[in-house]
2 protein chains.
Amino acid sequence: MQQENNSLSQAERTALSDKALLDAAMDLVLEHGPDKTTLAMIGETAGYSRGLATYRFGSKGGLFDSLCKSISRHWLEYLKQGVGDKVGIDAMCAALDTIYKFEQESPREARTLEILYCGAASPSSEFRDTAIGIRRRQKSDVAEWVRQGQEAGQVRRDVDADEVAGQYVAYISGMTYLWLMSPDSFDFHGSNEVMKKQLRDSLAVCTAASS
Amino acid sequence: MQQENNSLSQAERTALSDKALLDAAMDLVLEHGPDKTTLAMIGETAGYSRGLATYRFGSKGGLFDSLCKSISRHWLEYLKQGVGDKVGIDAMCAALDTIYKFEQESPREARTLEILYCGAASPSSEFRDTAIGIRRRQKSDVAEWVRQGQEAGQVRRDVDADEVAGQYVAYISGMTYLWLMSPDSFDFHGSNEVMKKQLRDSLAVCTAASS
DNA sequence: TAATCACTTGCTTGTTGACAACAAGTATCT
DNA sequence: AGATACTTGTTGTCAACAAGCAAGTGATTA
């Protein structure tokens, strides 16, 4: 419990090196991709030895799983704050705005997360289940928004909440994928605006089809 | 030009071994993922030596690029046949049906292609450009369908063809991704039916909003 | 037509350097 | 002194390359 000036507690040391390792891993993944990023590179870029990354995370897959979870935590926190207590169409639109904002404010995290999720498609991926779980949760959250929107009288009763959630999550997955593949030529913001308009058109109770 | 019974011309030999290699690669990718598939495994599974895959395709990335292009060719041919000379909403719906059919009839190819495309998200991917190009072409094809549908009086004039194409391609990308991640829990067919309904609702000229 | 010879091409085996993973050690905290 | 953060030594695997072998090819000659 008694610490000198520049000496840290064990817990602080691990927290520090953990953060440094994950941060270095993120940069390296962004530059070279997960395949061509080596554990030695990660350790040394973080200012430690070539062996620390393996020691701390057990394996390359373990490290990327931790990185994935770490960014996901941050992202889910950010999303929760962005959506607030909105429900129905408002929540779905707010989520789209929040995704865009997150990728503007934290492009490194957003991009890395996308890259890792794509890598999770491989049968060998150690964090396949992590990725699946997050998508599943995303979908059930959206379905819940729709149901609450229906109860609040904002969303049409005749739409199936799960169907809508499925379409919505598919759109988000595809949109982020396309953005990841060609960030320059894909109009993220415009695409989201179109989507928001479409959500209102197809889900809102009052279909007074004007304009 | 003169060949004996069981001896093959050089061209035939390469064609044969090429096919065997790509086929073996497909099986191995499906089972272990691209990362844990080794070039030696591919060569030996195909019935040749451990070195052939490297010799023929230059590198691991080169092999997967070839595999990607090979399946893509097949898929695009299949798609063209499925869509025929339809345009507008009909073409878009037919394309959705064709995707579903392709994945029912050729699950190995479909799955492998998806896995490879996801891997292309990595900055180190050697066939990143291949994947980007195909998506881009997909999008411009769809935009063309929409424009032709507008000229034919089937699609509303006030929708932007490029915007619609963007949404459509995003949906397809996301849907195939979700299907790849959890083939069992994702209702591919149902999702497509919903999408087709939505396409008609939002694009058809006569919005007589009945039923 | 048939035999031979120079050359090309398909394929295999030998080797090297890089890397993940593990084991055994050192330094720092408690 | 014991535990914990971290480093260094080592091994087996793999991609990539290089050198070699064997089978195919086409031209020349008789």
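FYI, side chains are in, hydrogens and waters are out, and symmetry mates aren't considered; it's all heavy atoms of this structure. Naming: A, B, ... by sequence-line order, numbering from 1 per chain.
Residue A:Ser17 has a polar side-chain atom (N or O) positioned under 4.0 Å from OP1 or OP2 of D:dC6.
Considering only side-chain atoms of B:Thr54, the nucleotide from C:dA20, D:dC17, C:dA21 that sits closest is D:dC17. Which of C:dG10, C:dA21, D:dA15 sits closest to the side chain of A:Arg50 comes down to C:dA21.
In this structure, the CD1 atom of A:Ile42 is 12 Å from the C1' atom of C:dC19, given to the nearest Å. Rounded to an integer number of Å, the gap from OH of A:Tyr48 to C1' of D:dC6 is 9 Å. In this structure, the NZ atom of B:Lys36 is 13 Å from the P atom of C:dA20, given to the nearest Å. The nearest whole Å value for the distance from the CG atom in A:Leu39 to the P atom in C:dC19 is 10 Å. Rounding to whole angstrom units, CZ of residue A:Arg13 and P of C:dA27 are separated by 13 Å.
Within a 6.0 Å sphere centred on CZ of A:Arg108, other residues, nucleotides and ligands contribute more than 12 heavy atoms.
Counting only distance, with no hydrogens or angles, the side chain of A:Glu114 and the backbone of B:Ala121 share no donor-acceptor pair below 3.5 Å.
A:Ser191 is listed as a side-chain neighbour of B:Gln167, based on a closest heavy-atom distance under 4.5 Å.
As judged by a 4.0 angstrom heavy-atom cut-off over every strand, B:Tyr55 is placed among the base-contacting residues.
Ring-plane geometry between A:Tyr168 and A:Trp145 is classed as perpendicular, the angle between the planes exceeding 60 degrees on a 0 to 90 degree scale with a lower cut at 30.
Heavy-atom nearest nucleotides on DNA chain D were determined for B:Gly51 and for B:Ala11, and the one closer to the 5' end corresponds to B:Gly51.
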